[in-house]
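Residue numbers begin at 1 in each chain, while the letters A, B, ... track the order of the sequences.
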Protein chains: 2
Amino acid sequence: MTNQFGSVWTRAPRRPRTTGLSRDQIVRAAVTLLDKEGLDALSMRKLGSELGAGATSLYWHVANKNELLELALDEIWGLVGEAGSDPAAGLRDLLTTYAHNLRATLLAHPWSATLIGQVPSIGPQAFRVGDRLRRAFAEAGFQGADAYLASGTVTSFVVGQVVPMIAMEHAHGGPVDRETAMRLLEQVSADYPEIRADYRVLVPEGNTLGFDFGLGCVLDGLEARLRAATDAGRAASSASARR
Amino acid sequence: MTNQFGSVWTRAPRRPRTTGLSRDQIVRAAVTLLDKEGLDALSMRKLGSELGAGATSLYWHVANKNELLELALDEIWGLVGEAGSDPAAGLRDLLTTYAHNLRATLLAHPWSATLIGQVPSIGPQAFRVGDRLRRAFAEAGFQGADAYLASGTVTSFVVGQVVPMIAMEHAHGGPVDRETAMRLLEQVSADYPEIRADYRVLVPEGNTLGFDFGLGCVLDGLEARLRAATDAGRAASSASARR
DNA sequence: ACCTGAACACCGTTCAAGT
DNA sequence: ACCTGAACACCGTTCAAGT
């Protein structure tokens, strides 16, 4: 099979190492470097020398820099914590925990949020997270592919919240504290007094407020879908029972 | 004021040109080049020569490449069409139109979706779009800062849907048709038979399905909030009337 | 006020050659 | 099977110098 779709996950793996560098080791070093210096600062040369190897040595374990970034991103998906460890917890609690976990994980590794727009999240860890979430929806009563769609809805919202926020931090050169955010927003919203007034209310309340508001809406909407579907299901089964 | 926050939008502008290159001209050329060759292919040198100038000439009009990218991104926000031109249309129609407009605009300029995770969207056009949406929510009855939060919820969902999809296209080197997507997903979901089964149902239905499902949920959730708020408002005012 | 060219300090990647 | 070094074709940005 040709690797028409250019991704690590779509080409045959090389057999594991015997000695020297390993792909795992390279990816771990890359994540460390990314955490320390950010996406712009990662170069094959720097990573190589961090590992005591020539930059070009990496190319035996990895086809190119892009593949390395895909592997590093999947590593971050692997850090998104379990949410459904407590089976007694309801769907809403589980989703709230998941959403905050995902948010916190991406914020802790800001480069990963940027990468989400650059390389596909189709590695094993990304799938593990996605399937865990899908399963939770299925167990809550979402039928067939709706469970998958529902999981995509929650994840999209979180990603859509975090990614632009990371861009702000990137411009600022690090996490933006409340006061700095306020100064920036005052400056930039000069032509929109109503928005500026909103900022004055919202920013002091903390940066989770918009996230929680939106998440609440998303979860309400999903629960409404679930109710509608189970009601319809009951109606259909009682109709067939009547026959 | 020092420009602590490193963004075009936070430093004093230079007075407009008299002759030769202009910032507008540079930004327009950048957008054209980005549309034609993508984010990775944009270089100051290439852009300069496209304009018949030395690469370094650009640095008089723009502090650095990052500023240029901020300007280019804001240009795309400027392309997001009006949704509220028909005042008779309800909130839900308006939001649906907005969401699809934003999605289509980003997909038509894929580099812009990637940029959303790289540079902040705090330019005049981004604010224009945000304020138009906020105003629609306010007119529909969302009180105070809730209108702003509601607008952020919708935009987050759309961004969170489009950004990862762009990453897929980026890996493939262009838009992914249904058949290619199916082949890729079959390959990559090998360990998750339920997800694979969902793909077999969903992919043939077209790529707007997940978007429409999620958007429906988000809008349902927002409408529920609105109902709850107006009910509470009515209850409060009737309570005060009783006094 | 605006543009240029040379120069600096980097990049990712290929490939023949080594062990 | 794995690693190296040299080499290629690029980068973004600075800055003295020009008009």
Nucleotide nearest A/Lys65 when distance is taken to its side chain, options D/dT13, D/dT4, C/dG12
C/dG12
Reported OH-to-OH distance for the pair B/Tyr148 and A/Tyr199, which is rounded to 0.5 angstrom:
3.5 Å
Using a distance-only test with no angle check, is there a side-chain donor-acceptor pair under 3.5 angstrom linking B/Asp212 and B/His100?
yes
If you go through the side-chain atoms of B/Thr56, does one of them form a donor-acceptor pair with the base of C/dG5 closer than 3.5 Å?
yes
B/Leu68 CG to D/dG12 C1', in whole Å, measures 12 Å
Salt bridge check, A/Glu75 against A/Arg28: does any charged N sit closer than 4.0 Å to a carboxylate O?
no
Testing C/dC11, D/dC3, C/dT4 for proximity to the side chain of A/Lys46, the answer is C/dC11
Interatomic distance where CH2 belongs to B/Trp60 and C1' belongs to C/dT4 [whole Å]
15 Å
Distance, rounded to the nearest Å, where B/Leu58 contributes CG and D/dC11 contributes P
13 Å
How is A/Leu42 classified with respect to the nucleic acid when contacts are heavy atoms under 4.0 Å: base, sugar-phosphate, or nothing?
sugar-phosphate
Using a strict threshold of under 4.0 Å (side-chain N to carboxylate O), is an ion pair present between B/Lys46 and B/Glu37?
yes
Distance in angstrom units between A/Glu67 CD and C/dG12 C1', rounded
14 Å
A/Ala53 or B/Arg45, whichever maps to the more 5' nucleotide of DNA chain D
A/Ala53
From CG of A/Asp40 across to P of D/dG12 the rounded distance in Å is 12 Å
Is the distance from OP1 or OP2 of C/dC3 to the nearest side-chain N or O of B/His61 less than 4.0 Å?
yes
Between D/dT13 (P) and B/Asn66 (CG): distance, integer Å:
8 Å
Out of C/dC3, C/dC11, D/dC11, which nucleotide sits closest to the side chain of A/Ser43?
C/dC11
Expressed as a whole number of angstroms, how long is the span from A/Leu47:CG to C/dC11:C1'?
14 Å
For C/dG5, the Watson-Crick or wobble partner whose two distances fall under 3.5 Å:
D/dC15
Look at B/Glu179 together with B/Arg183 and state whether they make a salt bridge at an N to O cut-off of under 4.0 Å.
yes
On DNA chain C, does the nearest nucleotide to A/Asn64 precede the nearest nucleotide to B/Ser57 from the 5' side, or the other way round? Give the residue.
B/Ser57
Side chain of A/Met44 - closest among D/dT13, C/dG12, C/dA1:
C/dG12
How long is the line joining CG of A/Leu69 and P of C/dC11, in whole Å?
14 Å
